[in-house]
Number of protein chains: 2
Amino acid sequence: MDTPASADREGISRIERLCIERGLKMTGQRRLIARVLSESADHPDVEELYRRAHERDSHISIATVYRTVRLLEEKGILERHDFGGGRARYEPTEHGPHHHLIDVDTGKVIEFADERHEVLAREIAARLGFQLVDHRLELFGRRFPDPTPEPAGGRRKPRSGRDPA
Amino acid sequence: MDTPASADREGISRIERLCIERGLKMTGQRRLIARVLSESADHPDVEELYRRAHERDSHISIATVYRTVRLLEEKGILERHDFGGGRARYEPTEHGPHHHLIDVDTGKVIEFADERHEVLAREIAARLGFQLVDHRLELFGRRFPDPTPEPAGGRRKPRSGRDPA
DNA sequence: GTAAATGCAAATTATTTGCAATTAG
DNA sequence: CTAATTGCAAATAATTTGCATTTAC
């Protein structure tokens, strides 16, 4: 785990710097969203980002959050994920190629990288006659040791929206 | 490639048989959806299923298609996938564990299986302290040899809905 | 000053649901 | 006959957008 690296002591956040580098106009709400993102170590969805931003400055609308994450995704600053559950979730692009393991009991997302897998993915694509453009690997797992048969209030399928597989 | 196996000459379809086995009430629309699914070799979304069914019998509503795919998914007869693009896509559960390669130029989905990957996935999960419950691997690729720089009308990002990664 | 960003509410898109009418078993 | 299924239209849920107003550069 590395420090979520909020901001330079109290200066501009990492994401804000990236925005500036790409020539984005920095409004107050943009700066706030950038800061919230920079301080996030998880993979929040838009509602969650809005909640975190809104509690610091109520002068922000959820439409702006939607517009901002989309803009940042287009600029390559954010990555959009769909882990099932019906909402897109975001994380700053920064780590090298990596994948996700979703804890089916808690919904927590763990990142990992595995070079053997990268090689294998390229090889499989090649064997099928394709050049690999991108790929994603998502593992759904349960912590060892396996808890009691019924985890007493375990995760109920988010019956709204799409499911992982 | 195996024959999409529509129906026994003109009898009941493979999916219909599965429905009966699980004790589902077989209405005309259910039977029709089952047949359409049995004849599909691709991964259609609900709208597409509705289109295929509706052109054979207009006495069917899209709500019924939604209800039916959900039911069949719950019964383990269908699998739901999200390949990005905002709509869930379905395929009959029948093949063993397999994954998908999406042709980024055509949207076509190719299935494959790779035992080395299955082993690796389990191993990665174990290393992280998890027992693998499920996983998905999706490759996005472009056919060899790489076509002209701009594939002349190549795939435009389905800007509505969620994206693969 | 000017093009871009914002807020708000209305519009879209995919999917679900209430309810009265129909139908399989 | 009776509970399950269907159609239709209205309801949700997530996300986008039109437009008048504000604001960064």
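Both backbone and side-chain heavy atoms feed into the values below; hydrogens, waters and symmetry mates do not. A, B, ... follow the sequence lines: proteins, then strands. Residue 1 opens every chain.
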Report yes or no: does A:R56 contribute a side-chain atom to a donor-acceptor pair with the main-chain N or O of A:L32 at less than 3.5 Å?
no
Rounded to the Å, how far apart are A:L32 CG and C:dA5 C1'?
15 Å
Between B:R52 and B:E48 (salt bridge meaning N to carboxylate O under 4.0 Å), is one present in this structure?
yes
Are A:F83 and A:F112 joined in one hydrophobic group, where the rule is that I, L, V, M, F, W and Y side chains link up if heavy atoms are under 4.5 Å apart?
no
Look for any protein N or O under 3.5 Å of an N or O in nucleotides 20-25 of chain C and output each such pair with its distance, or none.
from   : atom 1 : to    : atom 2 : distance (Å)
C:dA24 : N3     : B:K25 : NZ     : 3.4
C:dG25 : OP1    : B:M26 : N      : 3.2

Please examine the side chains of A:L37 and A:I77, heavy atoms only from C-beta on, and report whether any two atoms are closer than 4.5 Å.
no
Whole angstrom is fine here: how far is it from CZ in A:R87 over to C1' in C:dA14?
15 Å
Nucleic acid contacts of residues 57-68 of chain B, taken as heavy-atom distances under 4.0 Å to DNA chain C
B:A63, B:Y66, B:R67
Anything under 30° is parallel, anything over 60° is perpendicular, the rest tilted; go ahead and classify A:H81 against A:H100.
perpendicular
Taking atom C1' of D:dC8 as reference, at what distance in whole Å does atom NE2 of B:H54 sit?
13 Å
Return the value, rounded to whole Å, for the distance between atom CG of A:L71 and atom C1' of D:dT17.
16 Å
Heavy atoms from C-beta onward define the side chain here; which of C:dG7, C:dT16, D:dT6 lies closest to that of B:Q29?
D:dT6
Does the distance from a Lys or Arg side-chain N to an Asp or Glu carboxylate O, for B:R51 and B:E55, drop under 4.0 Å?
no
Show me, pair by pair, the donor-acceptor contacts under 3.5 angstrom made by side chains of residues 62-69 of chain A, not counting sequence neighbours?
from  : atom 1 : to    : atom 2 : distance (Å)
A:T68 : OG1    : A:T64 : O      : 2.7

Atom CG of B:L49 to atom P of C:dA14: distance rounded to whole Å?
14 Å
Tell me: CD1 of A:I20 to C1' of D:dA24, nearest whole Å?
12 Å
Below 30° counts as parallel, above 60° as perpendicular, anything between as tilted: where do the rings of A:H99 and A:H117 land?
perpendicular
Any donor-acceptor pair under 3.5 Å linking the side chain of B:R30 with the backbone of B:K25?
yes
Nearest-Å distance for atom pair OH/P, residues A:Y50 and C:dC8:
8 Å
Interatomic distance where NZ belongs to B:K75 and C1' belongs to D:dA4 [whole Å]
12 Å
Closer than 4.0 Å, any side-chain N/O of B:R30 to the OP1 or OP2 of D:dA4?
no
